[in-house]
Structures are given as structure tokens and as C-alpha cells.
Amino acid sequence: MDASAAAPNFSFFALFMQADWVVKGVMIGLILASLGSWAVILDKLFRFTNLNRAADRFEEQVGGGRSLEDVAGEAGANPPHALPRMLQAALKEWREAKTRAMTENQTAFLVARIDRILDTMIARETAKVEEGLGSLAIVATASPFIGLFGTVWGIMHAFQNIALSKNTSLAVVAPSIAEALFATAVGLIAAIPAYIAYNKFSTDAGKYAGRLEGFADDLSTAIQRRLTERV
């Protein structure tokens, strides 16, 4: 009965409470990093879903046969999404140019200016959707090493206690080793979702940037076609 009562408790909470203060600090830091990474993951999940849905709806409007001016006007004065803002910026340059006669060089300059404006907007939108991915990368790469540090420290502390107690039985050694290894487990728990999410959202950001670039190419082609019809 006494042996059963004195059996070590290997629950997560017990391992945390019995750990050395350095190991506890490592675990707390890793838990906070994991919570922060999950906040970024949820934010990116909802953001990419909303961005792609809005892009789908707008591309359907543009491809519906209506004039670009009508579609741009329905988007409002300050649309929240990138595609209508790109359309409005391109049409603004077109409206300013169509009021005057243009030489071939001026036409080429106009197209180049529109391309630069659209490229700048794409770069800004890409930077926005990539916000937070750096923190995911840091958590994914650093968490296992931080957890390993906690494990090494815990094992060193466990061996010190074993040397002081002069007892090498498994009942004495196992709890201390388990406390130390728990730090590595927490590090992996923080790192694995962050690593998976970083790769997924990096791919999503690249696809979204490609989508913006494709739309910009279509806009540039449409403007060039209008300029050609004027000649």
C-alpha cells in the first residue's frame, strides 16, 4: 500500500509542477509561443478564405460581360480588397490618358506606368498577407531547440539529485527524467503545427500573389487593347 501511495505521478500537470524552475520557464515560454502561433494560424485561415472568396466574386463580375467601369463603380470609393483597387487604379490612368492625343511613345509609357502601379499594389498586398509568417517560422525552428535545452537542463538537475540522494533506482530516476523529456515534448507540440502552417500559408500567399499578377496582366492587356483601338 505504501509503495502504491508513493508511486510517481506522470500527468502533464504533475510533471510541470515537479520540474526545475528553469524547465518550468522553458515550458511556459513554449506554451506562450504555441498560443501565439495558433492565433496567427487562425487569423491566416480566415483571412485567406475571405480573400479568395472575394476574389472569386469579383472575377465573376469582371468576366460577366459588363464594362470594367461599371464593375469598378460598384466596388465603391475605397474597396477593401485588392482586385477592385487594382482595377480602379488602372482605369484612373486610362481616363486621364484618353482625354488627350497620345503618340506611340506616350502610349508605351502609359502602359509601363500602369504596370508599375499594379506591381506596387501587388507587392503591398503580398506583404500584408505574409504578415505573421515570420513568427510561425521562428516558432517552428526554435521551439525544438528550446525544448531540448530544457531537457538537457532537467537531466543535469536530475543527475545532481541522484548523486545527492545516492539512489539510482528506477523509481527515483524515472520522474526526474520524465520531467526533463516533457520539455522536449512541449517544444515539439509548439513546433509541429507552426511548421505545417508556415508551409501551407506560404504556399497560399504565393498563389494569391500569382492571382493578383494574373489579374494585373489581364488589366494591362485590356488597357493596351483600348489604346490600340484609339489609334
Query raised in the report: Taking C-beta and beyond as the side chain, do F149 and W153 meet within less than 4.5 Å on heavy atoms?
Result: yes
Query raised in the report: Do the non-hydrogen side-chain atoms of K44 and E130 ever get within less than 4.5 Å of each other?
Result: no
Query - Side chains of L68 and L87 in contact at under 4.5 Å (non-hydrogen atoms) - result: yes
Report task. Heavy atoms only: give me the nearest V71-Q61 pair and the separation to one decimal. Result -> CG2-O, 3.8 Å
Query raised in the report: Taking atom CE of M86 and atom CG of L219, what is their separation to the nearest 0.5 Å?
Result: 6.0 Å
**Report entry** I138 reachable from L35 in the ILVMFWY side-chain graph, under 4.5 Å edges
**Finding:** no
Query - Non-neighbouring partners of F48 that pass ring pair (Phe, Tyr, Trp, His ring centres under 6.0 Å), sequence neighbours left out - result: F201
Query raised in the report: When you measure from the side chain of E125 to the backbone N and O of H81, does any donor-acceptor pair fall under 3.5 Å?
Result: no
Query raised in the report: Shortest non-hydrogen contact from V129 to T126?
Result: CG2-O, 3.1 Å
Query raised in the report: Measuring from T120:OG1 to D115:CG, what's the distance to the nearest 0.5 Å?
Result: 10.5 Å
Query raised in the report: Which atoms form the tightest heavy-atom contact between A197 and I41, and what is the distance?
Result: CB-CG1, 3.4 Å
Query raised in the report: What distance separates K200 NZ from L45 CG, expressed to the nearest 0.5 Å?
Result: 6.5 Å
Query - Side-chain donor/acceptor of S143 to backbone N/O of A190, under 3.5 Å - result: no
**Report entry** Non-neighbouring partners of S34 that pass side chain to side chain donor-acceptor pair (under 3.5 Å), sequence neighbours left out
**Finding:** none
Query - Considering all heavy atoms, the nearest Q88-G76 contact - result: NE2-O, 2.7 Å
Query raised in the report: Which heavy atom of M27 sits nearest a heavy atom of A183, and at what distance?
Result: CE-N, 3.8 Å
Requested in this report: Quick one: pull up NZ in K128 and CZ in R124 and give me the separation to the nearest 0.5 Å.
Outcome: 8.5 Å
Query raised in the report: When hydrophobic residues are tied together by side-chain contacts of less than 4.5 Å, even through go-betweens, does V22 share a cluster with V152?
Result: no
Report summary line: Closest heavy-atom pair, Y198 versus L133, reported as atoms and distance to 0.1 Å, is CD1-O, 3.3 Å
Query - Hydrophobic cluster identity match, I122 and I114, side-chain contacts under 4.5 Å - result: yes
Requested in this report: Kindly check if the number of other-residue, nucleotide or ligand heavy atoms within 6.0 Å of CZ (F58) is above 12?
Outcome: yes
Query - ILVMFWY network linking L83 to I117, side-chain heavy atoms under 4.5 angstrom - result: yes
Report summary line: Rounded to the nearest 0.5 angstrom, the CH2-CG distance for W38 and L42 is 7.0 Å
Report task. Indicate if I31 and F182 have the same hydrophobic cluster label, given that clusters are the connected sets of ILVMFWY residues with side-chain heavy-atom separations under 4.5 angstrom. Result -> yes
Query raised in the report: Is any side-chain heavy atom of L212 closer than 4.5 Å to a side-chain heavy atom of M121?
Result: no
Query raised in the report: Rest of the hydrophobic cluster containing I192 (Ile/Leu/Val/Met/Phe/Trp/Tyr, side-chain heavy atoms under 4.5 Å)?
Result: L188, I196
Query raised in the report: Does R85 use its side chain to pair, donor to acceptor, with the backbone of P80 at less than 3.5 Å?
Result: yes
**Report entry** Gap separating the CG atom of D56 from the CG atom of L51, nearest 0.5 angstrom
**Finding:** 11.0 Å
**Report entry** Backbone of A216 reached by a side-chain donor or acceptor of S220 within 3.5 Å
**Finding:** no
